[in-house]
Amino acid sequence: MPRVTFSRTGNSVDLPTNSSLIDLEDSRDNEVPFGCRSAACGTCLIDVVSGMHNVSPKNEDEQDLLDTLDLDGEKRRLACQCVIHGDVTIDPQS
Ligand code: FES
């Protein structure tokens with residue numbers, strides 16, 4: 001079961017394999033704010049501190065919003081668009 005660790009607090013949430021990070025919302029320990037859930041608002045912006053190889057590639061909608069907001073970068077992702085296959089450490093940016 002993949003573990004999502006929040007880098008600033010060290011808290012973590014376990015999610016089933018192939019979960020979307022949106023599923024964090026079901027946990028009381030979630031530290032990622034979500035808004036639109038559809039790559040339109042940028043509220044769920046995170047940096048993937050480690051485990052990027054366990055995160056699905058950026059889809060077109062995610063890339064478009066990151067480009068529009070001029071927030072693209074190796075570690076920058078929209079949590080609402082990420083599916084995870086293993087452990088990740090993330091840093092919410094909102
Ligand atoms: S929740 Fe709006 S972009 Fe992810």
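We count ligands from 1, going down the list as the structure has it; atoms in each ligand are counted the same way. From a predicted model like this one, the values you see are computed outputs, not experimental measurements.
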Got a sec: does the CG of Asp70 have more than 12 other heavy atoms crowding it under 6.0 Å?
-> no
Please could you name the atoms of ligand 1 that Ala39 approaches to less than 4.0 Å, counting only its heavy atoms?
-> 3 (S)
Quick check: does Cys36 have an N/O/S atom under 2.8 Å of atom 2 (Fe) of ligand 1?
-> yes
Residue pair Leu66, Asp64: steps toward the side-chain contact (heavy atoms from CB on, under 4.5 Å) verdict | CA-CA 6 Å; Leu66 291 171; Asp64 285 350; over 6 Å; no
What protein heavy atom is closest to atom 3 (S) of ligand 1, reported as residue, atom name and distance in Å?
-> Gly42 N, 3.2 Å
With no hydrogens and no angle check, do the side chains of Asp67 and Gln63 hold a donor and an acceptor under 3.5 Å apart?
-> yes
N/O/S atom of Cys41 inside 2.8 Å of atom 2 (Fe) of ligand 1, strictly under | yes
Rounded to 10°, how big is the angle at atom 4 (Fe) of ligand 1 from Cys44 SG to Cys80 SG?
-> 100°
Any ion pair linking Asp87 and Arg3 (charged N to carboxylate O, less than 4.0 Å)?
-> no
Give the contacting part of Ala40 toward ligand 1: side chain, backbone, both or neither, where contact means a heavy-atom distance below 4.0 Å.
-> backbone
Indicate whether the side chain of Asn30 and that of Glu25 have a donor and an acceptor atom separated by less than 3.5 Å.
-> no
Atoms of ligand 1 under 4.0 Å from any heavy atom of Arg37, numbered from 1 in the order shown, are 1 (S), 2 (Fe)
Please check if any side-chain donor atom of Glu31 sits under 3.5 Å from a side-chain acceptor atom of Asn11, or the reverse.
-> yes
